[in-house]
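Any value given below was found using the heavy atoms of this structure, including those in side chains, with hydrogens, waters and symmetry copies removed.
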Amino acid sequence: QVQLVESGGGLVQPGGSLRLSCAASGYISGINAMGWYRQAPGKQRELVATITTSGITNYADSVKGRFTLSRDAAKNTVSLQMNSLKPEDTAVYYCNLQRRLAVGTYPYWGQGTQVTVSS
């Protein structure tokens with residue numbers, strides 16, 4: 001089973017920064033994209049940022065210019081640098097891996113890490 005290990009969540013003041021990291025353990029074939037989603041209380045899970053194996057990124061409008069997603073393909077690791085954080089960024093952040101095989105497409109999720117932006 002694919003395992004996604006997340007780190008970097010925590011409490012930060014508005015305007016501060018955090019860096020989230022996610023590593024996919026072991027050998028995993030067919031990785032198409034990795035990234036982060038988030039879910040705030042009372043809201044549905046939403047895309048934050050994803051990056052494909054070719055380096056193409058996709059960001060939510062709300063985080064463009066503030067968040068940067070990068071990937072280390074050799075280590076199957078992604079990092080999300082979050083700058084100029086706002087209270088509305090408060091959510092549980094989930095690492096996502098999209099695996100595409102001949103038999104189908106499979107999403108995998110990390111357990112979630114809490115990001116709280118508050119003064």
Any non-hydrogen side-chain atom of [X] less than 4.5 Å from a side-chain atom of [Y]?
X: Arg71; Y: Thr53; answer: yes
X: Arg45; Y: Asn96; answer: no
X: Trp36; Y: Val78; answer: yes
X: Ile56; Y: Asn58; answer: no
X: Thr90; Y: Gln114; answer: yes
X: Asn76; Y: Leu97; answer: no
X: Phe67; Y: Leu85; answer: yes
X: Gln98; Y: Thr105; answer: yes

Atom [atom1] of [X] and atom [atom2] of [Y]: how far apart are they, to the nearest 0.5 Å?
X: Leu80; Y: Thr68; atom1: CG; atom2: OG1; answer: 8.0 Å
X: Asp89; Y: Ser118; atom1: CG; atom2: OG; answer: 12.5 Å
X: Ile31; Y: Tyr108; atom1: CD1; atom2: OH; answer: 10.0 Å
X: Ser79; Y: Leu69; atom1: OG; atom2: CG; answer: 8.0 Å
X: Thr77; Y: Met34; atom1: OG1; atom2: CE; answer: 6.5 Å
X: Asn83; Y: Arg19; atom1: CG; atom2: CZ; answer: 9.5 Å

Task: side chain to side chain contact (heavy atoms under 4.5 Å, CB included) between Arg99 and Ser29, worked out - done: CA-CA 8 Å; Arg99 189 183 185 189; Ser29 63; 3.3 Å; yes

Task: Check: Thr52/Ser54 side-chain N/O donor and acceptor closer than 3.5 Å - done: yes

Open item on the list: Quick check against the 3.5 Å criterion: does Gln3 have a side-chain atom that pairs as donor or acceptor with the backbone of Ser25?
Closed with: no

Task: Check: Glu6 side chain, Gly112 main-chain N or O, donor-acceptor pair, under 3.5 Å - done: yes

TODO: Might you work through the side chain to side chain contact (heavy atoms under 4.5 Å, CB included) test for Val63 and Met82, ending with a clear yes or no?
DONE: CA-CA 8 Å; Val63 307; Met82 305 186 293; over 6 Å; no

- [ ] Would you please test Asp61 and Lys64 for salt bridge (charged side-chain N to carboxylate O under 4.0 Å, His left out) and show each step?
- [x] CA-CA 5 Å; Asp61 288 340; Lys64 287 181 179 178; 3.1 Å; yes

Task: Smallest separation among heavy atoms of Ala91 and Ala40, with atom names - done: CB-N, 3.8 Å

Task: Nearest non-hydrogen partners of Pro107 and Trp109, listed with the distance - done: CB-NE1, 4.2 Å

Between [X] and [Y], is there shared hydrophobic-cluster membership here, with clusters defined by ILVMFWY side-chain heavy atoms closer than 4.5 Å?
X: Ile51; Y: Tyr93; value: yes
X: Val117; Y: Tyr37; value: no
X: Tyr94; Y: Val115; value: no
X: Leu4; Y: Ile28; value: yes

TODO: Flag yes if more than 12 heavy atoms outside Gln44 fall under 6.0 Å of its CD atom; otherwise flag no.
DONE: no

Task: Greater than 12 external heavy atoms within 6.0 Å of Gln13's CD - done: no

